[in-house]
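Notes for the one structure printed next.
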Protein chains: 2
Amino acid sequence: MAVPSSVSVPPTASPLFLREHEVRRGVELLFFGYTRLTRAIDDGLAEHGLGRAHHRALYFIARQPDLPISALLKILAITKQSLGRVLNDLADKGLVETRTGNVDRRQKLLRLTPEGVKFEAQLFEALRSSLASAYAAAGQESVTGFWRVLEGLIPAEDKAMVIALQKDI
Amino acid sequence: MAVPSSVSVPPTASPLFLREHEVRRGVELLFFGYTRLTRAIDDGLAEHGLGRAHHRALYFIARQPDLPISALLKILAITKQSLGRVLNDLADKGLVETRTGNVDRRQKLLRLTPEGVKFEAQLFEALRSSLASAYAAAGQESVTGFWRVLEGLIPAEDKAMVIALQKDI
DNA sequence: AAGATGGGACAGCCATATTGACGTATCTTG
DNA sequence: CAAGATACGTCAATATGGCTGTCCCATCTT
C-alpha cells in the first residue's frame, strides 16, 4: 500500500512521497474549486426558492432539449423519486415542461420553457464568469490539461454519456 | 511555468476562452469528475457508518495535525453546529482526539488517533488510486494545467488557506 | 397475450446543512 | 482589574436532498 500506516513520513523525496503530495493537492483543489463554483449560483437559486439539485436538472435539460427522464436519471445518478420531486418543483414554477415522445409514447421529453431558458441563462452567466476568469488566468494550455485530467476521472462506462453532451453544441 | 505546445493533444482549448461551449465543458467535467471521485470512498465510509461530511473533517485533520476547530470551520465553510455533530461522531468512534492548546488554552487542537490515521490512509488510498490514474492518463503537463485552472476558481480571500495546506508536506 | 420498460406516486427514513439563542472558559485590552 | 472579545459547546427547530420499498398505469416488444 502506498500510504504509510503510521504518521511517519519518508525522510527523502521518494516517488511515493511526491505522489501522495500531488494527489492531496488535486483532492484539495477539486474540493475548493468545485464548492466555490457551485456557491456562485446559490444566491440566484435562492431568489426563486430553488436549490442546487434543481439547478443540476435545469442545467442538463438546457444542454439537451427533449431529454427523456431516463437519460437525466443516468446523468444525475440519483433515484427516480429524488428526481421526481425536483422536476415537479421546476414544472410548478413554470421552468420546465414535458411532451410525449413521438418515437416512444411512454417517454416524456423534458425541455425548458422560455422562462426556464431565461433563468438557466442567468445562472449560467455566474458560472461563466467564474470559470472564464479561471481559464483566462491559467491560459489555454492549462485549460486543455484541466479537461484531460477530469476526463480521466470519469469511469469508462460513463464516458459515452459525457461525450454525448458535448457533441451537440 | 512554460508548457510546450508541441505535445499533440486532441481536443484543444481554443483561444476564445469566453466561449460558452468551453465553459459548459468545464462545468460538466467538474461535476462528473468531482462526484465520481467522492463516490470512490463511499463504501469505505459506509463500513464505519460514516458519511462524506465525516471524511472531509477527517481529511483536513490528517493534513494539518493540531488544527484548531476555528481553522477547520474556515476550511469547510459550514456552521459550528454542523461541524460539532461530525466531530462528536468521529470522537465517539475513536478516530479523532482533541487536546487543549498550550498557546491559547481556549483552543482545542484536533488530531487523528492511531486508528484515525489508519482509516484516513485507507480512504486516501481509494482517492489516490483514482486520481493517480487520471494523472497518468493525462500526463504531467496536463496535471499542471489542472491545478492552475482550479487555483483560479478559488476566491482571493481563500487562497492563503489552501496554500497553507500545501506547504506542510 | 405476456412481459419488459418508461414514468408517476405514496410513505417513511437518513444525512447534512441551516438559524438563533445561550453558556462557559480564557484571552486581550483600556 | 474590569470589560469585552474570542473559542468552543449545546439545545431546539427547520430545510434540502438524498434513500428504500411498494404499487400503479401506459406503452412497447416479443
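Quick note on labels: first sequence line is chain A, next is B, and so on, each numbered from 1. Computed from a predicted structure; not experimentally measured. Just the heavy atoms: all of them, side chains too, but no hydrogens, waters or symmetry mates, feed the values below.
When the P atom of dG6(C) is taken as reference, atom CG of L87(A) falls 16 Å away, rounded to whole Å. Spacing between atom CG of L109(B) and atom P of dA7(D) amounts to 13 Å, rounded to whole angstrom units. Taking atom CG on L58(B) and atom P on dT16(C), their separation rounds to 13 Å, with Å as the unit. Spacing between atom CZ of R56(B) and atom C1' of dA17(C) amounts to 10 Å, rounded to whole angstrom units. One atom, CG of D42(A), and another, P of dT16(D), lie 12 Å apart when rounded to the nearest Å. In this structure, CG of D89(B) is placed 14 Å from P of dG9(D), rounded to the nearest angstrom. For H48(B) and dA15(C), the NE2 to C1' distance is 18 Å, given to the nearest whole Å. Distance, D104(B) CG to dT29(C) C1': 15 Å, rounded to whole Å.
The residue N88(A) sits close only to the backbone: its heavy atoms come under 4.0 Å of sugar-phosphate atoms, none of a base. Contacts of S70(B) with the nucleic acid, taken as non-hydrogen atoms under 4.0 Å apart, involve only primed sugar atoms and P, OP1 or OP2. Using a 4.0 Å heavy-atom criterion, one finds that S82(A) contacts the bases of the nucleic acid, with or without backbone contacts as well. Among the protein residues, G84(B) comes within range of no part of the nucleic acid, since none of its heavy atoms lies under 4.0 Å from any strand.
For the pair R56(B) and F31(A), the cation does not sit on the ring face, since its NZ or CZ is not both under 6.0 Å from the ring centre and inside 45° of the axis. The cationic atom of R24(A) (NZ for Lys, CZ for Arg) lies less than 6.0 Å from the six-membered ring centre of Y59(B) and within 45° of the ring axis.
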Go through it in stages, so that I can follow the logic: the residues are S82(A) and T79(A), the test is side-chain hydrogen bond (donor to acceptor under 3.5 Å, both in side chains), and I'd like the CA-CA distance, side-chain angles, deciding distance and then a yes or no. CA-CA 5 Å; S82(A) 298; T79(A) 59; 3.1 Å; yes
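Looking at the side chain of R85(B), the nearest of the listed nucleotides dT16(C), dT26(C), dC8(D) is dT16(C). Of the candidates dG6(C), dA7(D), dA17(C), the closest approach to any side-chain atom of Q107(A) belongs to dG6(C). Taking every side-chain heavy atom of R106(B) into account, dT26(C) is the closest of dG17(D), dC19(D), dT26(C). Distances from the side chain of T79(A) to the nucleotides dG17(D), dT20(D), dA9(C) place dT20(D) closest. With distances taken from any side-chain atom of I78(B) to the nucleotides dT16(C), dT18(C), dG18(D), the minimum falls on dT18(C). Minimum atom distance to the side chain of K108(B) is reached by dC8(D), of the listed dT26(C), dG17(D), dC8(D). The A53(B) side chain lies nearest to dT16(C) when the options are dC11(D), dG17(D), dT16(C).
Distance check: T100(B) OG1 to R106(B) CZ gives 12.5 Å after rounding to the nearest 0.5 Å.
The base of dG9(D) lies close enough to the side chain of K80(B) for a donor and an acceptor atom to sit less than 3.5 Å apart. Below the 3.5 angstrom threshold, one finds no donor paired with an acceptor across the side chain of Q81(A) and the base of dG7(C).
Using a cutoff of 4.0 Å between basic side-chain nitrogens and carboxylate oxygens, E151(A) and R25(B) are scored as salt-bridged. Taking the charged nitrogens against the carboxylate oxygens, R128(A) and E22(B) have no contact shorter than 4.0 Å, which rules out a salt bridge. Salt bridge absent: E115(B) and K93(B) never bring a charged side-chain N and a carboxylate O closer than 4.0 Å.
Proximity of R52(B) to the phosphate of dA17(C): no side-chain N or O atom is located under 4.0 Å from OP1 or OP2. A close approach under 4.0 Å does not occur between any side-chain nitrogen or oxygen of H54(B) and OP1 or OP2 of dA15(C). Contact between the side-chain N/O atoms of R105(A) and the OP1/OP2 oxygens of dT27(D) is found at a separation under 4.0 Å.
DNA chain D is contacted by both G101(A) and L83(A); L83(A) maps to the nucleotide lying nearer its 5′ end (nearest heavy atom per residue).
F60(B) and F32(A) have tilted rings, their planes meeting at an angle from 30° to 60° on a 0 to 90° scale.
With the end axes of the helix from dA1(C)-dT30(D) to dG30(C)-dC1(D) each set by five pairs, the angle from one to the other reads 30° at 10° resolution.
L50(A) and L87(A) fall within the same hydrophobic cluster, where Ile, Leu, Val, Met, Phe, Trp and Tyr residues are linked whenever their side-chain heavy atoms come under 4.5 Å apart, directly or through other members.
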